[in-house]
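Contents: one structure, followed by commentary.
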Amino acid sequence: MSILSLKSFAEINEKIKQRRAVVVTAEEIAEIVAEKGTAQAAKEVDVVTTGTFGPMCSSGVWLNFGHSEPPIRMTKVWLNDVPAYAGVAAVDAYLGATELTESGSLEYGGAHVIEELIAGKQVKLRAISYGTDCYPRTEIATYISKEIINEAYLFNPRNAYQNYGAAANRSDRTIHTYMGTLLPNCGNVNYSTSGALSPLINDPYLRTIGIGTRIFLGGTQGYVAWHGTQHNPSRPRGENGLPFQNAASLALIGDLKQMSTQFIRAAVMEGYGVSMFVGVGIPIPILDEEMVRYAAVCNRDIYTNIYDYSVPSRSRPVLAKVSYETLQSGTVVLEGRKVPTAPLSSMKTARAIASTLKQWIADGQFLLSEPVAPLPTTASPQNLEIVGGA
Amino acid sequence: MQEIKAFLRFPQEHFSKPITYRLVKEYNLMINILRAEVAANKAGELIMDIEGSEQDIAEAIDFTAHEGIEFRILKSGITLDEERCVHCGACTSVCPSGALTLRRDDWSLVFAPEKCFACELCVKSCPVRAIVAVMHLNGTVLAG
Ligand code: SF4
Ligand code: SF4
């Protein structure tokens, strides 16, 4: 298939600046293509917006607190009793979303601190040090908020997974997982993507998404910083190019101070620990017919595996392969029985993200950015084998 | 054996009477007081878990009526914090009564309290802790 590019990023941006760009969501484009065909849709539509809002554990925030008088070279840092990593310079720290409070509760962690910072609340900062000639202070206890610290930017090592397995439980007891509560004997199936609205589903080979891509992150503009950890675009794919499992992923960055708790929310997975709902939306430029075909994908053509989460192994058995149309219908047939399904990722918020991004672009406030460098198109993540050593 | 949650309101003159003692002693009930409120010059209120045989409970209710004590069986249930709910749907997969469902058009969570039978399975399945188990009295939330 030879592809003649219809439009460039620059041409689309020109239209956005003049507020002439035609922007639709990934759900709307499917209807437009069904009605007018891909050739016409590719001519008419400039940008397709996507959205997802699900628990994304691999998230966290970089903070710089500023210097106290006398100054301290913080070696250990706690925010509301949740430890942050302080092994970088004097007053920088990284607070991971899944870090738990030292009180021993599984109900409060880094994600809650992040949500409180975004909400503008005061957070208790405690730090200790061994004291140096240039940084004599050995401890500090005070309160911070986003208004009074220097930087606070979200830097999420792995977000926006391209597809994700669904979960069931074949054992005879209820289990609590990061995929939610799973009832015994396959009593329910939980899944966690926004299907046809999901960002990387709409550009399966990452043709238009790369380092530097401007995105919606947590209610403000953010960027793709790198490929995500465990990025695995080499997974098996269907004819439409879509993988059946978690494949590509993104590392994302954005200014926490501008974010909103509507699009970043602390989550507690019972019996598992803390995670964080992260809102991500990526604009897909319709450069040509191929891109419109990708963006018009429907839930009936997106498949995922249902895994048995009662097997505590890195390779869990596959119970079935199902489409998102089936998952979103509310029931799926598993081992000959009708089983209720439920999402963990909010379709309602995913839609709000796609339509907010659509509005930003249509209003001329958000320009598309051509990737500075592409993301890897092949990869083979390693497993961690346990070996003897020194 | 039967287990109920009950709400008792008794007039001032009853304060000195050992009501709960008599419920335990004379009606063989096991009682766990969940909340007690006695304001000066006003009626007193008790919320308690009561466990006993069906007949003993019925007789205890008759006894309280005779004593001029208001006795109501409480229905427990849940409340949903609509501000906090992100409409993820995690609670809908564990709800056995169909009280919690997702609308398929706009994907918002719908709670139908009349279907809820207070199993409280949804409480811990909600990742943002938007669901709280509560006791209800004729539609008024008494305690969280
Ligand atoms: S308490 Fe039980 S029945 Fe009521 S809404 Fe929650 S899960 Fe459903
Ligand atoms: S699990 Fe909680 S946040 Fe999700 S839909 Fe139910 S009440 Fe709302």
Side-chain angles (χ1 to χ4, degrees), chain A residues 27 53-55 106-108 111-112 115 166-169 174 176-183 187-192 194-195 197 261-277 279 327-332 339-352, chain B residues 3 5 34-35 75-136 141-144:
Chain A
E27 288 182 309
F53 186 71
L106 293 185
E107 294 275 325
Y108 190 89
H112 295 88
E115 188 185 321
N169 164 23
T174 297
H176 300 285
T177 72
Y178 67 85
M179 289 297 287
T181 303
L182 299 174
L183 303 173
N188 64 342
V189 169
N190 286 347
Y191 62 98
S192 186
S194 54
L197 253 190
T261 55
Q262 192 192 345
F263 299 112
I264 297 282
R265 198 60 82 75
V268 178
M269 296 313 200
E270 185 63 19
Y272 171 79
V274 171
S275 184
M276 192 164 82
F277 282 95
L327 286 171
Q328 291 193 353
S329 76
T331 51
V332 58
V339 175
T341 63
L344 296 173
S345 105
S346 169
M347 270 301 291
K348 189 181 164 90
T349 313
R351 279 189 180 160
Chain B
E3 205 181 330
K5 268 193 184 74
L34 301 170
R35 202 178 72 169
K75 256 174 67 186
S76 51
I78 58 154
T79 55
L80 176 67
D81 180 345
E82 313 235 347
E83 289 288 297
R84 193 114 194 105
C85 172
V86 296
H87 306 273
C88 67
C91 55
T92 63
S93 81
V94 298
C95 176
S97 71
L100 290 164
T101 50
L102 278 179
R103 281 174 65 143
R104 296 291 142 168
D105 50 356
D106 72 350
W107 292 97
S108 58
L109 182 74
V110 185
F111 174 48
E114 68 284 358
K115 290 189 186 160
C116 169
F117 48 64
C119 69
E120 298 182 11
L121 274 175
C122 54
V123 173
K124 297 217 149 179
S125 77
C126 171
V128 300
R129 299 298 190 238
I131 303 176
V132 183
V134 289
M135 288 176 273
H136 283 96
V141 176
L142 287 178

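Just so we're clear, the structure is a prediction, and the values are computed from it rather than from any experiment. Protein chains get the first letters and strands the later ones, always in sequence-line order, with residue 1 at the start of each.
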Inset, instruction - Taking all non-hydrogen atoms of both residues into account, name the closest pair between B/Val86 and A/Thr349 and its distance. - result: O-OG1, 3.5 Å

Inset, instruction - Evaluate whether atom CD of B/Glu82 has more than 12 neighbouring non-hydrogen atoms of other residues, nucleotides or ligands under 6.0 angstrom away. - result: no

Legend entry - Contact origin within A/Thr174 toward chain B - heavy atom pairs under 4.5 Å: neither

Inset, instruction - Could you list the residues that satisfy side-chain hydrogen bond (donor to acceptor under 3.5 Å, both in side chains) with A/Tyr272, not counting sequence neighbours? - result: none

Legend entry - Part of B/Arg84 lying under 4.5 Å from any heavy atom of chain A: both

Inset, instruction - Let me know if A/Leu183 has heavy atoms under 4.5 Å from chain B in its side chain, its backbone, both or neither. - result: side chain

Legend entry - Contact origin within A/Thr181 toward chain B - heavy atom pairs under 4.5 Å: both

Side-chain atoms of residues 115-135 of chain B: list all donor-acceptor pairs with protein atoms under 3.5 Å, sequence neighbours left out, distances to 0.1 Å.
unit_1: B/Ser125; atom_1: OG; unit_2: B/Cys122; atom_2: O; d: 3.0
unit_1: B/Arg129; atom_1: NE; unit_2: A/Glu107; atom_2: OE1; d: 2.9
unit_1: B/Arg129; atom_1: NE; unit_2: A/Glu107; atom_2: OE2; d: 3.4
unit_1: B/Arg129; atom_1: NH1; unit_2: B/Lys124; atom_2: O; d: 3.1
unit_1: B/Arg129; atom_1: NH1; unit_2: B/Cys126; atom_2: O; d: 2.8
unit_1: B/Arg129; atom_1: NH2; unit_2: A/Glu107; atom_2: OE2; d: 2.6
unit_1: B/Arg129; atom_1: NH2; unit_2: A/Glu270; atom_2: OE1; d: 2.6

Inset, instruction - Tabulate, in ascending numerical order, the residues of residues 106-113 of chain B having at least one heavy atom closer than 4.5 Å to a heavy atom of chain A, or enter 'none'. - result: B/Asp106, B/Trp107, B/Ser108

Legend entry - Leading residue by heavy atom contact count with chain B [cutoff under 4.5 Å; candidates A/His176, A/Glu115, A/Met269]: A/Glu115

Inset, instruction - Using atom types as modelled and distance alone, determine if a side-chain donor or acceptor of A/Arg265 lies under 3.5 Å from a backbone N or O of B/Cys85. - result: no

Legend entry - Sequence-distant partners of B/Ser93, side-chain contact (heavy atoms from CB on, under 4.5 Å), two or more places apart: A/Asn188, A/Asn190, A/Ala342

Inset, instruction - Could you look at A/Tyr191 and say if it's the side chain, the backbone, both or neither that has a heavy atom under 4.5 Å from chain B? - result: side chain

